[in-house]
Amino acid sequence: SDTLGRLVKNASFVSLSSLVYQRARDERRYIRQAVLFEQGFSIAKTLTAGLVIILAQWYSPFTVSFIVAGVMSLFYFAM
């Protein structure tokens, strides 16, 4: 089950990445698109880490991390 989940995740990420970079190549602004793509990931990671830190002040850090990871994985599969 875990192996299948990882394969599906990697396959969908490769598809998403190739679409972004293909669009960047087609529009001749590939560096700008690639930078914006990576910045989006960095901003999302920072906001998620901040959310976990804030919620861990009131609840168990393990529970908060588990719940946030579950919600984030639902967002990932909703793409």
Side-chain angles (χ1 to χ4, degrees):
S1 173
D2 185 45
T3 304
L4 181 62
R6 287 177 189 234
L7 287 172
V8 170
K9 184 178 82 165
N10 288 337
S12 61
F13 178 74
V14 168
S15 300
L16 177 65
S17 298
S18 64
L19 284 174
V20 169
Y21 290 112
Q22 179 67 36
R23 180 177 166 207
R25 188 176 352 145
D26 291 343
E27 295 180 5
R28 306 280 188 218
R29 292 179 276 178
Y30 59 92
I31 295 198
R32 179 177 165 212
Q33 286 292 111
V35 168
L36 290 176
F37 182 69
E38 296 298 328
Q39 280 180 343
F41 280 137
S42 297
I43 291 169
K45 288 178 186 178
T46 303
L47 291 175
T48 303
L51 177 68
V52 169
I53 290 170
I54 290 171
L55 290 176
Q57 300 295 318
W58 292 287
Y59 305 106
S60 167
F62 178 76
T63 305
V64 169
S65 298
F66 187 78
I67 291 172
V68 169
V71 170
M72 297 307 275
S73 67
L74 288 175
F75 286 148
Y76 183 77
F77 285 115
M79 292 188 340

*Asks:* Is Tyr59 reachable from Met72 through a run of I, L, V, M, F, W or Y residues, each pair having side-chain heavy atoms under 4.5 Å apart?
*Replies:*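 Met72 clusters together with Tyr59.
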*Asks:* How far does OG1 of Thr46 sit from CZ of Phe41, to the nearest 0.5 angstrom?
*Replies:*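 Rounded to the nearest 0.5 Å, the OG1-CZ separation comes out at 13.0 Å.
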*Asks:* So which of Ile53, Leu51, Ile54, Val52 actually passes side-chain contact (heavy atoms from CB on, under 4.5 Å) with Val64?
*Replies:* Val52
*Asks:* Minimum heavy-atom separation for Ser73 to Gly70, with atom names?
*Replies:*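 Reported closest heavy-atom pair: OG-O, 2.7 Å.
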*Asks:* Drop me the distance from Lys45's NZ to Ile43's CD1, to the nearest 0.5 angstrom.
*Replies:*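 Between atom NZ of Lys45 and atom CD1 of Ile43 there are 12.0 Å.
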*Asks:* Group every Ile, Leu, Val, Met, Phe, Trp and Tyr by side-chain heavy-atom contacts under 4.5 Å, then state whether Phe66 and Trp58 land in the same group.
*Replies:*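 No, Phe66 does not connect to Trp58 through the hydrophobic network.
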